[in-house]
Amino acid sequence: MRYRQRKGGGMVRLVADAMTREVVYLPEDTPLDEAAQAMRDRGIGDVVVTSGPTMTGIVTDRDIVIRAIAENLPPATTTLGAIATRELLMVEQNASVEEAVQAMRERGVRRLLVCDADRNLVGILSLSDIALLPTSAAA
């Protein structure tokens with residue numbers, strides 16, 4: 001686990017060490033049932049939605065349940081594009097986990113896209129990733 005020196009002393013854990021590196025991209029015309037199967041098969045809870053080479057949103061397993069199933073939208077014909085969250089929130093991989101949690105709290109989200117210094121997507125950080133971090137006296 002990598003740490004960064006905190007101003008005033010102490011060390012902080014970095015987003016890069018907590019994030020999930022596997023990012024699954026699916027086109028916005030993908031039916032929700034196919035997206036759900038991809039999430040199940042890969043053991044993930046979200047997919048990045050694309051239109052051609054452009055990221056256009058994110059859909060989580062919770063979005064499928066709340067925005068589609070609970071609204072009686074048919075999963076075989078409703079697409080990712082119809083329910084995607086269009087605002088893509090990013091955090092830099094060398095940010096502290098504490099900074100990422102603060103950003104999640106401020107925006108009321110459970111996931112952040114993680115980018116490198118050139119703003120290329122390198123992972124996704126979720127609250128469950130943070131909850132699974134080992135605890136230590138040094139952190």
Any side-chain heavy atom of I69 within less than 4.5 Å of one from P75? yes
salt_bridge(E99, R13) N-O dist < 4.0 Å: no
Would you name the heavy atoms of V59 and A84 that are closest together and state the gap between them? CG2-CA, 3.5 Å
Which atoms form the tightest heavy-atom contact between T78 and I83, and what is the distance? CG2-CG2, 4.3 Å
Closest heavy-atom pair, D129 versus A18, reported as atoms and distance to 0.1 Å, is CB-O, 3.2 Å
Hphob cluster co-occupancy, I130 + V109, side-chain heavy atoms under 4.5 angstrom: yes
Should V114 and I124 be marked as a side chain to side chain contact (heavy atoms under 4.5 Å, CB included) after you check the CA-CA gap, both sets of side-chain angles, and the distance that decides it? CA-CA 5 Å; V114 181; I124 297 178; 5.6 Å; no
Please name the pair of heavy atoms, one in M90 and one in C115, separated by the smallest distance, quoted to 0.1 Å. CE-CB, 3.9 Å
Applying salt bridge (charged side-chain N to carboxylate O under 4.0 Å, His left out) to E87 and not counting sequence neighbours gives R107
Which atom names give the shortest non-hydrogen contact between T85 and R67, and what distance separates them? OG1-NH1, 2.9 Å
Nearest heavy atoms of G123 and V23, plus distance in Å: CA-CG2, 3.6 Å
Identify, with sequence neighbours excluded, every residue that meets side-chain hydrogen bond (donor to acceptor under 3.5 Å, both in side chains) alongside E71. none
Let's go through L14 and Q93 carefully: what are the C-alpha distance in whole Å and the side-chain angles of both, what is the deciding distance for side chain to side chain contact (heavy atoms under 4.5 Å, CB included) to 0.1 Å, and is it a yes or a no? CA-CA 7 Å; L14 301 181; Q93 66 183 348; over 6 Å; no
Would L80 end up clustered with L88 when hydrophobic side chains under 4.5 Å apart are linked, directly or stepwise? no
Can a side-chain donor-acceptor contact be found between T54 and T56 if the only test is distance below 3.5 angstrom? no
Shared ILVMFWY cluster between M104 and L133, side chains joined below 4.5 angstrom? yes
CZ on R105 to CG on L127, rounded to 0.5 Å: 9.0 Å
Decide yes or no on side-chain hydrogen bond (donor to acceptor under 3.5 Å, both in side chains) for D29 and T79, but give the supporting numbers first. CA-CA 5 Å; D29 62 353; T79 64; over 6 Å; no
Taking T60 for the side chain and D63 for the main chain, is one N or O donor matched with an acceptor at less than 3.5 Å? yes
Quick one: do E98 and Q102 satisfy side-chain hydrogen bond (donor to acceptor under 3.5 Å, both in side chains)? Show the steps, please. CA-CA 6 Å; E98 186 178 273; Q102 183 61 33; over 6 Å; no
Side chain to side chain contact (heavy atoms under 4.5 Å, CB included) partner of L113, chosen from L89, D46, I58, V91: I58
Got a donor-acceptor contact below 3.5 angstrom from the D116 side chain to the D118 backbone? yes
Quick check on R86: does its CZ atom have over 12 non-hydrogen neighbours (other residues, nucleotides or ligands) under 6.0 Å away? yes
Working to the nearest 0.5 Å, report the span between CZ of R110 and OG of S128. 10.5 Å
Would you sort out whether L26 and V48 count as a side chain to side chain contact (heavy atoms under 4.5 Å, CB included), showing the intermediate values? CA-CA 6 Å; L26 290 175; V48 174; over 6 Å; no
Between E28 and V49 (side chain of the first, backbone of the second, donor and acceptor by atom type, cut-off under 3.5 Å), is there such a pair? no
What do the steps show when you test R42 against V24 for side chain to side chain contact (heavy atoms under 4.5 Å, CB included), and what is the final call? CA-CA 9 Å; R42 291 186 165 114; V24 175; 3.4 Å; yes
